[in-house]
Amino acid sequence: MSSYRVQVATGDFLGSGTFSSISITLVGSKGESPKQPLNNVGKDFLPGAVDEYKVSSDRDLGPLLLIRLHKEPYVFFPEDSWYCSFVQLITPQGETYRFPCYQWIEGHRTLELREGTGETLKDAENPLFMRHRAEELKVRQDCYSWAEYAPGTPRCLAVESIEEMDTNMKFSITKLSTFLLRSKLAKAEMKMKGLLDCQQSWKKLEDIRRVFWFNRTPVSEYVADHWMDDAFFGYQYLNGVNPVVIRKCTKIPANFPVTQEMVAASLAEGTSLQQEVKKGNIFLVDYKILQGIPTNTIQGKQQYLAVPLCLLYQTPSGDLMPIAIQLSQTPGSNNPIFLPSDPEWDWTLAKMWVRNADFHVHQNICHLLRTHLLAEVFAMAILRQLPMCHPLFKLLLPHIRYTLQINTFARVRLIMEGGMMDQATSAGYEGIGPIVGKGTQEMTYTSLCLPDDIEARGVTSISNYYYRDDGLKIWTTIESFVSSIVQFYYKNDDHVQSDPELQAWVLEIFQEAFKSRKASGAPSSLKTVAELTKFLTMVIFTCSAQHAAVNSGQYDFGAWIPNIPPSMRRPPPTVKGTVTLEHILETIPPVNVTCIALSSLWLLSSEAGDRRPLGYYPDEHFTEEEPKRFIKAFQDHLAEISEEINKRNRSLPLPYNYMNPSEIENSISI
Ligand code: FE2
């Protein structure tokens, strides 16, 4: 008779325990134990409990391969869900086996769990393991099927509502309640003040401060004080909420005929535009991707969207200053090039049109497409192609936590017809699909890999670019962590090539995210350990640091609506010298639309409870010692980066903290 010690851990959060009857079967290479109930005196499987049992078998089972957990009805108790964290077994010979679970077991069913050692298909020689992997993937592919969000955009999870989603991908009770509370508070406050019913223009800019006065942040206050400063306008291209669109200008575009005379007053003495272009001090942001995007009607009023070009100059003192703005792509007498020397409100409004265009590119492309929708494809492909015992499933699962739910929420509440983006932005619902579609068409692998992207945009040496500095440190640290994991599980390039599950995962991403577009430069297969390491680094970086960079500052920078007007009610000016403050107040959104935009920005800027910062993996999917050591080293490196950022920030008038590892979430969950 062999006796095994069995420890069963239940999740340590509200609702994770169960009243159901739980039994276990042990499966070893020499046979199976009989199914035995796990039942101690008193209540079993309470939240946070690690219950211990003795399980016997009349024969030696040999090395243990897997276990079966049977969840069955218990007397009159209603059916409930159980969150099992892990099962640990100690054999009669004193060997320990750990079976990670970290999932909900709903209804009455049997769940098979593999021992936790990471294993690629190549190493899965036992036919039992081959069957187990195939069955697991079949179930997941049925559960997570693809649907189209809009033509030409990455496909997404096929559910119509959050209720239809698999519980394992849903918010925890803590996160859901915090999230809903924040959402209700934001609306209740504005309702109370009567602002949501006010369709009038703001009477003066200062009145905007009254909205959300108790939610102000040090950054939102700074923005309200500095939004008209040219240096701050330039600063936001480096360290604002959209720090990824600025590029070095190597040639003044033919459709943006800026002359030396126009910009002479903005340049340092003794130099010229051509000289500064040559020296690499001139930068360009071109919003041509917005050309032809349909515009919205809000409260019966036509809204407008410009398609601007903006030229910037880095001064010898390191400030990045806008020096010329053209509001459409076709030069001409009714499309003046606005300059800092123009009347103050002309120049201010020109910058506001650029900020409005930037809002659309930021929200639809840099934020929605290039982080949220991309992460959803990564998540779907992970769930559909990698079994739980695959080392890359273990590596990546923490980085897709809550992503399917937040994206489903966005589709049913935010970006659908009548949702926030429709109620408060120039492009509205009709414009989102085309913008995201164009963004998908232009998305390149280079632009998703930060070191390559920095190089390609020609911004390696621009000063005060904290997004770049912090991002590159994080990229390198993720790369080093990923590299150690990859080299532990993949002995050589051949092993990478002969892992069909890994290859199916990469191919599915190529097909769904990049629409099988070879010109994207994205891989459809991976041939080497180095290629795999880079690809995984891109995935983890996108789901964590990159999302933090384009998400966390939304309220900070957007709360002061004149800084990022989400919609414009009057067409762009075609001549100079006509703009007044009144004209500006009639152009930016009226009171109620401002409030709708603000409440969404506030809800979506910060994580709602139940956070897991980058590199923090409380669910131990890896059970071997080496990966655990790699995780510890990763955490130590991140802590060092955090310390460096804290130190740097102490000397800055406006600290840049969005890429501080302690503030970055492991996954896109907001
Ligand atoms: Fe987000």
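Remember, it's 1-based here, ligands and their atoms both numbered in the order they're listed.
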**OP:** Please state whether the rings of Phe481 and Tyr617 are parallel, tilted or perpendicular, taking 30° and 60° as the class boundaries.
**Re:** parallel
Original post:
Is any N, O or S atom of Leu604 under 2.8 Å away from the Fe ion (ligand 1)?
Top reply: no
Original post:
Does any N, O or S atom in Asn551 come within less than 2.8 Å of the Fe ion (ligand 1)?
Top reply: yes
Original post:
Are Asp452 and Lys534 ion-paired here, with the side-chain N under 4.0 Å from a carboxylate O?
Top reply: yes
Subject >> Cationic N near anionic O, under 4.0 Å, Asp469 to Lys473 >> reply: no
**OP:** Decide whether a cation-pi geometry holds between Arg209 and Trp560; the criteria are a distance under 6.0 Å from NZ or CZ to the six-membered ring centre and an angle within 45° of the ring axis.
**Re:** yes
Original post:
Can you name the N/O/S atom of His372 that is nearest the Fe ion (ligand 1)?
Top reply: NE2
